[in-house]
Amino acid sequence: MKTKAAVLHGPGEDWEIEEIDLGDPVAGEVQVRLAASGLCHSDEHLRTGASPVAFYPAVGGHEGAGVVTKVGPDVTGIAEGDHVVLAFIPGCGSCRACARGMQNLCDAGGSLMTGKAISDGTHRLSLRGKPMVPMCLLGTFAPYVTVNQASVIKIEDDVPLDKAALLGCGVSTGWGSATEIGNTRAGDTVVVVGVGGVGINSVQGAAAAGARYVIAVDPVAFKREKALELGATHAFESMADAAAAVGELTWGQNANTVILTKGEVGGDDLQPALSMTAKGGQVVVVGMGHYQQTDAKVSLFELTLLQKRVQGAIFGGVSPRTQIPRLLELYRHGTLKLDELVTNTYRLEDINAAYQDMRDGKNLRGMIIYGDADH
């Protein structure tokens, strides 16, 4: 079928809305009519060239939810009409990582930026006869997608799809980075650096886990205000401003965990975060840096003698098939706020303006809503 999509023709260029060709599902795949797609900073990395892609053109988007419209052969547990969330990390269920309960590190994730379908190594998207790369093998900046069942999580029909879409990346990643990778316990002090679509959910997760102090750090006043509404006890403009308060609040013990959820993490961010961390504590690095950057400033003396840790995190350290249903239950019970996360909604045609809003600090999470005209 033909569908429209937001396409990148090269790094540094704007998104262009074009008509593309979408292949039907083959064995192990389904086609989904999307209701909404989140606007994540990771797609901005794709636009700037900070994240590598096998080739251009590419279709962005990796945070979506919708209704299954077609089912290919050999698909199990998914039928036409099912409501689903697309997880940006697939879970094959049989590789070594999945077998060890680490589905968020599934081996199938190794091909996410190649454009080659998990099922057969061919391409589902093309533009004027040329193959394309869908972001994370999803490409949710299009109203229809054909994806592998490993990337599809079936959900109940009672959850609004435009809110459920948030669970495909930002909410799950942020929440798990505080509760699972961050291992927040009652009475802890947690610092969250960067209050966007991921960081705001680290704030929610740390608060729900019983942290005594949840300290949000962001240069944008609007985001600091939202953090205080959604669980933060304190909010500061910079890590330098937060450091003195952390020391005073904890009687010099510092934070159990500092979570770096900035949209762009640099090597200079690690040491200020480490200095706010207590003995035996950890810095959790969630935000992405440029794929070519290898330099980071860390006090090895402090790292060793105070037994601190620097820990990476993807998808919050949890299997999407475990995390997404769990978070939906928390949403139903009012513990997890989803409705409050979507600051502005957009049409697909407004995607460049939407990302400018993100860069200007106007959104916790912007959301593309697909209407009848898009289908």
Side-chain angles (χ1 to χ4, degrees), residues 100-102 104-105 172-196 198-219 227 231-291 293-318:
R100 295 173 61 197
M102 302 169 70
N104 62 307
L105 296 174
S172 300
T173 297
W175 186 282
S177 295
T179 60
E180 302 292 336
I181 293 288
N183 198 32
T184 300
R185 295 291 181 262
D188 279 0
T189 296
V190 178
V191 178
V192 179
V193 183
V195 184
V198 173
I200 192 63
N201 297 295
S202 294
V203 168
Q204 289 204 77
R212 181 179 183 184
Y213 299 117
V214 181
I215 298 162
V217 179
D218 200 285
T233 58
H234 302 76
F236 297 94
E237 188 173 351
S238 67
M239 280 196 274
D241 290 341
V246 169
E248 183 176 349
L249 288 167
T250 63
W251 293 6
Q253 297 301 304
N254 282 339
N256 302 86
T257 303
V258 177
I259 308 174
L260 291 177
T261 49
K262 296 173 60 178
E264 298 182 24
V265 173
D268 291 339
D269 292 319
L270 290 183
Q271 186 54 44
L274 200 69
S275 294
M276 275 195 289
T277 306
K279 292 185 287 187
Q282 65 175 332
V283 174
V284 179
V285 183
V286 183
M288 293 174 59
H290 195 288
Y291 78 100
Q293 182 174 353
T294 57
D295 295 333
K297 294 183 178 180
V298 172
S299 168
L300 298 178
F301 184 87
E302 184 178 345
L303 194 69
T304 300
L305 272 69
L306 299 183
Q307 198 171 302
K308 299 183 179 183
R309 303 187 305 282
V310 177
Q311 171 69 53
I314 187 166
F315 209 88
V318 185

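None of these values were measured; they are calculated from a predicted model.
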**Q** Take a 6.0 Å sphere around CD of Gln293 and say whether it holds more than 12 heavy atoms from other residues, nucleotides or ligands.
**A**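 Correct, the count exceeds 12.
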
**Q** What residues form a salt bridge (Lys or Arg N to Asp or Glu O under 4.0 Å) with Asp295, not counting sequence neighbours?
**A**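 For Asp295, no residue satisfies salt bridge (Lys or Arg N to Asp or Glu O under 4.0 Å) once neighbours in sequence are set aside.
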
**Q** Would you say Val283 and Leu260 make side-chain contact, with heavy atoms under 4.5 Å?
**A** yes

**Q** Under the side-chain contact (heavy atoms from CB on, under 4.5 Å) rule, collect the residues that match up with Leu105, sequence neighbours excluded.
**A** Ala97, Met102, Ile314

**Q** Going through the checks in order, is the side chain to side chain contact (heavy atoms under 4.5 Å, CB included) test met by Val265 and Val285?
**A** CA-CA 8 Å; Val265 173; Val285 183; 4.3 Å; yes

**Q** Could you list all the side-chain hydrogen bond (donor to acceptor under 3.5 Å, both in side chains) pairs where at least one residue sits in residues 273-286, not counting sequence neighbours?
**A** Gln271-Ser275

**Q** I'd like to check the side-chain contact (heavy atoms from CB on, under 4.5 Å) partners of Ala209; sequence neighbours left out, ordered by chain and number.
**A**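 Once residues adjacent in sequence are excluded, the partners of Ala209 under the side-chain contact (heavy atoms from CB on, under 4.5 Å) criterion are Thr179, Thr184.
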
**Q** What distance do Lys308 atom NZ and Leu303 atom CG have between them, rounded to the nearest 0.5 Å?
**A**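 If I round to the nearest 0.5 Å, the distance is 9.0 Å.
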
**Q** Which residue pairs satisfy the salt bridge (Lys or Arg N to Asp or Glu O under 4.0 Å) criterion with at least one member in residues 235-250, sequence neighbours excluded?
**A**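 As it turns out, there is no salt bridge (Lys or Arg N to Asp or Glu O under 4.0 Å) pair with a partner in residues 235-250 once direct neighbours are skipped.
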
**Q** If I compare all heavy atoms of Val214 with all of Gly231, which pair ends up nearest, and what's the gap?
**A**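 That would be CB-O, 3.8 Å.
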
**Q** Could you tell me if the side chain of Val246 sits less than 4.5 Å from the side chain of Ile215, heavy atoms only?
**A**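 Yes, close enough: below the 4.5 Å cut-off.
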
**Q** Does Asn256 reach the main-chain N or O of Thr189 with its side chain, forming a donor-acceptor pair under 3.5 Å?
**A** yes

**Q** Any chance you could measure Ser202, atom OG, to Ile181, atom CD1, to the nearest 0.5 Å?
**A**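 Between Ser202 OG and Ile181 CD1, I get 11.0 Å after rounding to 0.5 Å.
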
**Q** Would you please test Val258 and Leu274 for side chain to side chain contact (heavy atoms under 4.5 Å, CB included) and show each step?
**A** CA-CA 8 Å; Val258 177; Leu274 200 69; over 6 Å; no

**Q** Using the salt bridge (Lys or Arg N to Asp or Glu O under 4.0 Å) rule, collect all pairs that involve residues 250-267, keeping only residues at least two apart or in two chains.
**A** Lys262-Asp269

**Q** Can you list the residues that meet the side-chain contact (heavy atoms from CB on, under 4.5 Å) rule with Val286, with sequence neighbours excluded?
**A**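 side-chain contact (heavy atoms from CB on, under 4.5 Å) check on Val286 returns Thr173, Ser177, Val198, Ile259, Thr261, Val284, Ala313.
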
**Q** Could you report the tightest heavy-atom contact between Val191 and Met276, atom names first, then the distance?
**A** CG1-CE, 4.1 Å

**Q** Counting C-beta onward and ignoring hydrogens, is there a side-chain heavy-atom pair between Val195 and Val217 closer than 4.5 Å?
**A**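 No, every pair of side-chain atoms sits at 4.5 Å or beyond.
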
**Q** Kindly write out the residues that satisfy side-chain contact (heavy atoms from CB on, under 4.5 Å) with Ala208, not counting sequence neighbours, or none if the list is empty.
**A**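 Ala208 satisfies side-chain contact (heavy atoms from CB on, under 4.5 Å) with Trp175, Thr335 once adjacent residues are dropped.
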
**Q** Grab the two heavy atoms, one from Val203 and one from Ala216, that are nearest each other, plus how far apart they are.
**A**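 The pair with the smallest heavy-atom distance is CG2-CB, 4.4 Å.
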
**Q** Return each pair, listed once, that meets side-chain hydrogen bond (donor to acceptor under 3.5 Å, both in side chains) where at least one residue sits in residues 206-219; pairs must be two or more places apart or across chains.
**A** none

**Q** Name all pairs fulfilling the salt bridge (Lys or Arg N to Asp or Glu O under 4.0 Å) condition that reach into residues 176-193, sequence neighbours left out, sorted by first residue then second.
**A** Glu180-Arg326

**Q** If I take atom CZ from residue Arg309 and atom OG1 from residue Thr257, how far apart are they, to the nearest 0.5 angstrom?
**A**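 Here the rounded value is 7.5 Å.
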
